[in-house]
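Scroll down for the structure; my scribbles are underneath it.
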Amino acid sequence: ELEKVLLSFIHDISDWVITFDKNMGPEVYDLPGKENEIPFLLDYIPGQEINGISSYLTTRPTTEIIGLLGPHFAEYNIDIRNDEKKLKILLEDLRTISSSLIMQFNSTENKAFEVLGTAFTKRVLEKKKILTDSFLIPIDLHKDLFENLPQANKSRADNLLVKINDENREICITVIEIKCRKSLSGSEHSDLVEKMQSQILNTIEALRYHFDNTYNLTADRLDRELKTLELKSLFEFYLNRANRYGFINSEVQDRKSVV
């Protein structure tokens with residue numbers, strides 16, 4: 001309890017905090033915010049540990065971050081700069097997928113819109129009860145999976161929707177690409193659709209290259225066991241996050257963790 005108080009105090013007097021620890025897991029920072037509490041934002045992507053030591057870049061939502069988010073939501077008549085309740089709802093929507101998405105708001109205007117689209121996509125999936133037995137992986141953040149592909153194509157989709165059927169031991173992955181534009185001409189629309197299709201297909205190709213043991217018909221990868229463990233670790237991280245945020249109950253999580 002003393003450590004939690006100390007961490008909270010450090011964040012109150014700091015803009016950014018970097019934590020190095022070989023025993024602490026990301027769930028220390030990556031928990032649903034309590035009522036009337038503005039949560040931590042964790043910039044962390046699993047699988048990037050160095051020598052077994054995890055590093056966590058965290059912050060509390062500062063005026064700088066709110067300044068990045070505010071103008072984009074203002075265009076939809078959503079005022080988060082003066083409404084703490086709306087800000088907390090937005091942050092929780094993005095944190096359930098990954099706080100790292102928020103750090104992309106200062107890249108390009110289109111990218112910022114697409115991060116908003118991710119939050120809206122999560123809301124739609126939640127409303128349709130799709131997230132009760134499935135979970136999202138922000139595959140766009142896992143750039144390492146798109147390095148050194150045979151086609152040298154690094155384009156990728158935004159999210160994976162993963163559904164694990166523990167009865168027949170099948171994993172169904174739906175690739176989701178999100179584009180948000182204010183207006184498009186006919187040719188721009190066609191070009192955008194073509195780009196989205198390319199991103200989706202290349203994402204499927206990357207997943208097969210790393211994790212499908214039938215990808216190469218002549219010989220399987222020498223590191224197949226390591227790749228299987230990598231995929232298991234990836235799934236478990238986002239499955240556990242979905243459980244922490246209340247989208248998948250503990251019973252379902254336990255069954256899927258066994259699978």
Side-chain angles (χ1 to χ4, degrees), residues 22 25-27 30 42-56 96-101 118 121-122 125 130-178 198-245 247-259:
K22 63 179 180 180
E27 60 275 3
D30 192 22
L42 169 66
D43 190 9
Y44 172 76
I45 300 172
Q48 296 188 345
E49 294 79 7
I50 300 176
N51 296 325
I53 299 176
S54 298
S55 62
Y56 308 107
T96 57
I97 304 171
S98 175
S99 295
S100 297
L101 293 169
T118 296
T121 299
K122 175 260 176 184
L125 295 174
I130 293 174
L131 293 181
T132 55
D133 60 355
S134 304
F135 57 96
L136 286 167
I137 295 178
I139 197 65
D140 185 38
L141 299 177
H142 292 268
K143 298 175 180 157
D144 55 305
L145 293 176
F146 298 85
E147 298 287 344
N148 303 316
L149 292 179
Q151 308 84 349
N153 185 351
K154 296 182 180 181
S155 67
R156 55 197 178 274
D158 291 301
N159 295 285
L160 305 179
L161 178 67
V162 182
K163 179 180 177 66
I164 301 176
N165 189 326
D166 51 325
E167 292 182 358
N168 58 14
R169 301 178 67 82
E170 284 185 352
I171 299 175
C172 178
I173 300 176
T174 303
V175 182
I176 301 174
E177 171 58 21
I178 300 166
S198 174
Q199 289 175 273
I200 290 172
L201 290 174
N202 198 57
T203 300
I204 295 172
E205 183 72 11
L207 293 173
R208 291 197 62 216
Y209 174 74
H210 287 283
F211 306 121
D212 184 358
N213 60 8
T214 66
Y215 180 80
N216 191 327
L217 297 179
T218 57
D220 194 12
R221 301 177 62 115
L222 295 176
D223 60 350
R224 172 55 55 207
E225 291 188 9
L226 291 176
K227 282 296 177 181
T228 300
L229 288 174
E230 181 184 347
L231 182 62
K232 180 176 181 289
S233 176
L234 183 70
F235 281 179
E236 284 183 342
F237 177 83
Y238 289 104
L239 176 61
N240 290 336
R241 170 179 279 166
N243 181 54
R244 286 198 298 274
Y245 283 88
F247 293 114
I248 291 181
N249 62 49
S250 298
E251 182 182 346
V252 173
Q253 183 202 23
D254 290 341
R255 293 205 312 269
K256 295 186 185 306
S257 295
V258 171
V259 175

- Query: For Glu205 and Leu149, what are the C-alpha separation, side-chain angles and deciding distance, and is it a side chain to side chain contact (heavy atoms under 4.5 Å, CB included)?
  - Reply: CA-CA 9 Å; Glu205 183 72 11; Leu149 292 179; 5.6 Å; no

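Here CG of Asp144 is found 6.5 Å from CD of Glu230. Values are rounded to the nearest 0.5 Å. Rounding to the nearest 0.5 Å gives a distance of 5.5 Å between CG of Leu125 and CD1 of Ile176. Rounded to the nearest 0.5 angstrom, Ser55 OG and Asp43 CG are separated by 9.5 Å. Rounding to the nearest 0.5 angstrom, the gap separating the CD1 atom in Ile164 from the CZ atom in Arg169 is 10.5 Å. The distance from atom OG1 of Thr118 to atom CG of Asp140, rounded to the nearest 0.5 Å, is 8.5 Å. Leu141 CG to Asn159 CG: the interatomic distance, rounded to the nearest 0.5 Å, is 8.5 Å.
In terms of modelled atom types and a separation under 3.5 Å, the side chain of Thr203 and the main chain of Gln199 share a donor-acceptor contact. In this structure, the side chain of Arg156 does not engage the main chain of Phe146 through any donor-acceptor pair within 3.5 Å. Within the 3.5 Å criterion, the main-chain N or O of Tyr209 finds a donor-acceptor partner in the side chain of Arg221. Judged by distance alone, the side chain of Asn202 and the main-chain N or O of Ser155 form a donor-acceptor pair under 3.5 Å.
The number of heavy-atom neighbours closer than 6.0 Å to CD of Glu225, taken from other residues, nucleotides and ligands shown, is 12 or below.
A side-chain contact (heavy atoms from CB on, under 4.5 Å) with Phe247 is found for exactly one of Ile130, Leu239, Asp133, Thr96, namely Thr96. When Ile178, Leu136, Asp158 are each tested for a side-chain contact (heavy atoms from CB on, under 4.5 Å) with Thr121, only one passes: Ile178.
Residues passing the ring pair (Phe, Tyr, Trp, His ring centres under 6.0 Å) test with Phe237, sequence neighbours excluded: Tyr44.
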